[in-house]
Q: 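Questions regarding the structure given below will be posed in turn.
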Amino acid sequence: MPDKFTVARALREIGALLEVEGENPFKVRAYENGARALEGLADDLGATIAAGKLTELNGIGEALAKKIADLHATGSTPLLERLRASHPPGILKLLQIPELGPKKIAALHAALGIATVADLETACLGGRVRGVKGFGGKTEQKILEGIRRFRSRAIDRRTLLADALAVADDLLAYLRPFPAAERVELAGSARRGRETVNDLDLVAASRDPAALAAHFAAYPSADEVLARGPTKTTLRLATGLQVDLRMVPPEDFATLHHHLTGSKAHHVRLRGIARELGYTLSEWGLHRLDPAREATPDVPLTGGEPALDHARKVPIESEEALYAALGLRFVPPELREDQGEIEAARDGSLPGDLVRPEDIRGFVHCHTVWSDGRATVEEMARAAEARGAEFVTITDHSRAAGYAGGLDLDRLRRQWEEIDRVQEKVKIRLLKGTEADILEDGALDWPDEVIERLDVVVASVHSRFRMDEDQMTRRLVRAMSVPFFKIWGHGLGRLLNEREPYACRVEEVLDALAASRGAAEVNGDPQRLDLEPRWIRAARSRGVPLVLSVDAHSTGALGYLRFAVATARRGWARRGEVLNAHPAEVFAQAVRPAG
DNA sequence: GCCGTTTTCGGCCCGACTGTTTTCAGTCG
């Protein structure tokens with residue numbers, strides 16, 4: 001039976017195909033809104049449908065509820081069948097090509113019968129696209145470039161958050177000392193801590209944007225200037241990553257920074273609230289509408305502030321002030337996804353104590369040369385100590401992870417002796433742990449009497465990823481039900497851009513984890529970031545505590561903590577819910593496998 | 001398609017930039 005995320009995908013497919021048909025854009029958006037409402041559903045979808053409570057969700061009415069029920073029961077609904085029958089399957093792929101939207105696709109399909117990426121490429125190369133009304137030679141070239149980028153993304157390859165932030169740090173260091181830059185900050189999905197990003201968005205306060213834009217365009221790693229206007233310049237870096245720099249006078253900085261941080265869905269909601277309060281909100285700020293002249297349409301000026309001559313600007317000096325003006329508590333960037341944060345900011349239930357990097361007192365899940373790590377126990381301990389940690393857990397692989405140098409019992413005992421020796425030399429507290437494989441049948445890769453002697457157990461799947469959903473769910477439920485405290489390591493085994501999460505009914509596993517004793521890991525490895533935010537919320541709602549880990553195979557990887565924290569914040573994790581935000585003794589007591 | 005102490009109809013967020021248009025449509029975020 002399809003879960004809520006599968007049903008949400010089907011709604012988005014309906015929306016996309018309706019868009020190609022030229023359907024009312026608000027109707028198209030209704031499907032997108034419905035999909036998001038579904039994804040944010042806290043309760044079981046089947047139960048919600050059975051109780052007739054779907055329409056209680058904001059954005060789902062009678063029509064969508066009916067279709068969602070169909071999709072949940074049968075995997076499809078008549079409208080989706082009709083749309084799939086009347087549009088070639090390649091249409092959805094065409095929508096993914098940059099520069100190509102529903103209108104152009106429809107026009108090309110009508111004029112030239114283009115239905116696939118290959119058709120489109122052939123037509124561009126043959127010079128036939130420029131003959132279609134509304135298309136010219138430049139558009140033809142842009143489409144070809146778009147196809148090339150579409151293909152190079154292969155499996156929808158996006159830039160990892162860690163890589164994006166490294167580039168952003170470098171760019172900020174380049175831009176900030178420039179005299180015409182009064183302030184430069186990161187915005188966009190990277191600021192929100194998204195696991196991967198499409199591009200980087202930077203915002204600058206400047207009284208001389210032309211000079212700043214010129215300096216930006218001269219950035220040494222820039223490959224090409226893609227666009228250049230009075231307030232915005234776009235670069236493509238040698239790595240292919242695209243960077244936008246938007247510039248405004250200092251007094252408009254806060255609202256622009258907020259605007260470009262997104263998400264789009266969050267902003268749509270805020271603008272609706274602004275309207276209700278008699279304002280209009282845009283990157284140019286908050287303006288109070290003059291009711292007497294409300295009917296006057298805005299007349300945008302090219303390349304400047306729109307002529308909101310019937311409205312009065314409300315000075316906004318910070319994001320906090322903007323939310324306050326809308327009657328809302330400040331919403332941290334990581335939460336701005338229209339996943340309930342607006343309602344929480346309104347009724348005051350938004351958590352004010354989201355976990356922060358400085359809250360974390362110990363590094364969990366560290367490998368050493370005993371298995372597949374590159375640093376010794378002592379090197380790892382000293383590196384963790386140098387970063388100010390109170391404790392570090394040494395969790396090398398268990399025997400079944402042969403490819404990773406997993407330890408047998410004899411080597412595990414010798415490792416304990418070494419940890420004891422190092423402990424005498426360092427102040428930081430060392431905990432003896434394991435990353436135990438979850439075997440095919442759900443058993444852990446150590447006998448009970450060994451587990452009882454360990455300080456901490458991370459239990460992870462490292463083999464047989466391709467089991468079907470039933471098998472994998474049974475395997476994990478059994479593993480999470482063992483009567484020891486265990487940390488579910490890198491939950492769904494995904495590797496961003498490389499491997500999908502494995503099929504599994506996550507809620508059932510979390511139920512088992514909650515009923516037995518255990519915690520869920522938020523793995524900070526830039527390619528994992530696993531569990532992902534929606535499942536972090538599901539774990540928290542069951543009272544399952546979290547561990548923010550680095551999964552470090554080198555001393556440098558202790559820096560992954562930043563990404564684990566960002567991911568946990570996206571899952572609304574509060575400081576008190578994170579075990580390694582507690583003092584060493586409290587943490588050690590909480591994670592002790594036995595007792 | 002959704003939604004409603006101004007409404008069950010008529011709204012629905014807003015602007016930058018490009019390319020093709022000669023006043024604007026399409027795409028993006």
Side-chain angles (χ1 to χ4, degrees), chain A residues 11 14-15 18-19 22-37 54-68 79 95 97-108 129-130 132-143 146 187-189 192 197-201 203 225-234 242 244-248 252 255-256 259-276 278-287 289 291 294-295 297-308 311 338:
Chain A
L11 292 182
I14 292 174
L18 287 175
E19 199 177 9
E23 184 53 273
N24 174 357
F26 297 107
K27 185 192 277 198
V28 170
R29 207 175 83 188
Y31 280 91
E32 173 67 26
N33 290 341
R36 214 173 33 251
L54 268 182
T55 53
E56 290 179 13
L57 294 175
N58 203 3
I60 296 182
E62 294 299 331
L64 275 181
K66 171 76 172 67
K67 294 183 176 79
I68 290 167
L79 175 60
L95 272 171
I97 294 176
E99 311 295 336
L100 210 53
K103 293 291 193 300
K104 284 184 182 164
I105 289 170
L108 291 170
V129 165
R130 72 184 70 172
V132 180
K133 183 171 159 48
F135 292 76
K138 283 195 177 177
T139 303
E140 203 170 68
Q141 286 309 307
K142 273 191 137 178
I143 291 174
S189 49
R192 300 202 312 279
V197 304
N198 251 338
D199 59 11
L200 279 179
D201 297 288
V203 187
V225 179
L226 295 175
R228 194 151 171 185
T231 69
K232 174 180 163 180
T233 295
T234 303
Q242 211 166 294
D244 284 356
L245 175 67
R246 282 282 297 272
M247 295 153 291
V248 276
D252 289 330
T255 45
L256 183 68
H259 170 81
L260 290 175
T261 297
S263 71
K264 184 176 169 170
H266 180 80
H267 280 264
V268 168
R269 292 291 310 281
L270 289 187
R271 287 182 184 139
I273 289 172
R275 279 276 169 186
E276 289 170 18
Y279 297 110
T280 177
L281 175 66
S282 76
E283 64 255 57
W284 293 105
L286 191 65
H287 290 76
L289 291 168
E294 197 161 7
D298 294 354
V299 183
L301 301 172
T302 48
E305 185 158 357
L308 286 160
D338 189 22

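A note on names: the letters A, B, ... follow the listed sequences, proteins ahead of strands, and every chain is numbered from 1.
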Q: If I take atom NE2 in residue A:H267 and atom P in nucleotide B:dC14, what distance separates them, rounded to the nearest angstrom?
A: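 Taking NE2 of A:H267 and P of B:dC14, I get 13 Å after rounding.
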Q: Could you tell me the separation between the CD1 atom of A:I60 and the C1' atom of B:dG1, rounded to a whole number of Å?
A: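 Distance, rounded to whole Å: 11 Å.
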Q: Tell me: CD of A:E19 to C1' of B:dT27, nearest whole Å?
A: 10 Å
Q: Considering only nitrogen or oxygen atoms on both sides, find all protein atoms under 3.5 Å from nucleotides 19-22 of chain B and state each distance.
A:
residue	atom	partner	partner atom	Å
B:dG19	O3'	A:T139	OG1	3.2
B:dT20	OP1	A:G136	N	2.8
B:dT20	OP1	A:G136	O	3.3
B:dT20	OP1	A:G137	N	3.4
B:dT20	OP1	A:T139	N	3.4
B:dT20	OP1	A:T139	OG1	3.1

Q: Reckon A:L281 touches a base, only the sugar-phosphate, or nothing at all at heavy-atom distances under 4.0 Å?
A: sugar-phosphate
Q: Check ring-ring contact (aromatic ring centres under 6.0 Å, His included) between A:H259 and all other residues, then give those that pass, not counting sequence neighbours.
A: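 For A:H259, the residues satisfying ring-ring contact (aromatic ring centres under 6.0 Å, His included) (neighbours in sequence not counted) are A:H267.
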Q: Checking contacts here: which listed nucleotide (B:dC3, B:dT27, B:dA16) is nearest the side-chain heavy atoms of A:K104?
A: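 Of B:dC3, B:dT27, B:dA16, B:dT27 is nearest to the side chain of A:K104.
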Q: Working to the nearest 0.5 Å, report the span between OG1 of A:T255 and NE2 of A:H287.
A: 8.5 Å
Q: Which protein N or O atoms sit under 3.5 Å from an N or O of nucleotides 8-12 of chain B?
A:
none

Q: Quick one: which of B:dA16, B:dG29, B:dC14 gets closest to the side chain of A:K232?
A: B:dA16
Q: Looking at B:dC17, I'd like to know if its phosphate oxygens (OP1 or OP2) sit under 4.0 Å from a side-chain N or O belonging to A:T231.
A: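 Affirmative; the distance criterion is met.
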Q: Checking A:A227 now: which residues fulfil side-chain contact (heavy atoms from CB on, under 4.5 Å) with it, not counting sequence neighbours?
A: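 Once residues adjacent in sequence are excluded, the partners of A:A227 under the side-chain contact (heavy atoms from CB on, under 4.5 Å) criterion are A:T234.
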Q: Nearest-Å distance, NZ (A:K103) to P (B:dA25)?
A: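 Value for this atom pair: 11 Å.
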Q: In whole angstroms, how far is the C1' atom of B:dA16 from the NZ atom of A:K264?
A: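 Answer to the nearest Å: 13 Å.
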Q: Do A:Y31 and A:L64 have side-chain heavy atoms sitting under 4.5 Å apart?
A: yes
Q: Restricting to side chain to side chain donor-acceptor pair (under 3.5 Å), what partner residues turn up for A:E62, sequence neighbours left out?
A: none
Q: Residues two or more places apart in sequence or in another chain: which of them pass side-chain contact (heavy atoms from CB on, under 4.5 Å) with A:R246?
A: A:T231, A:K232, A:L256, A:L260, A:E283
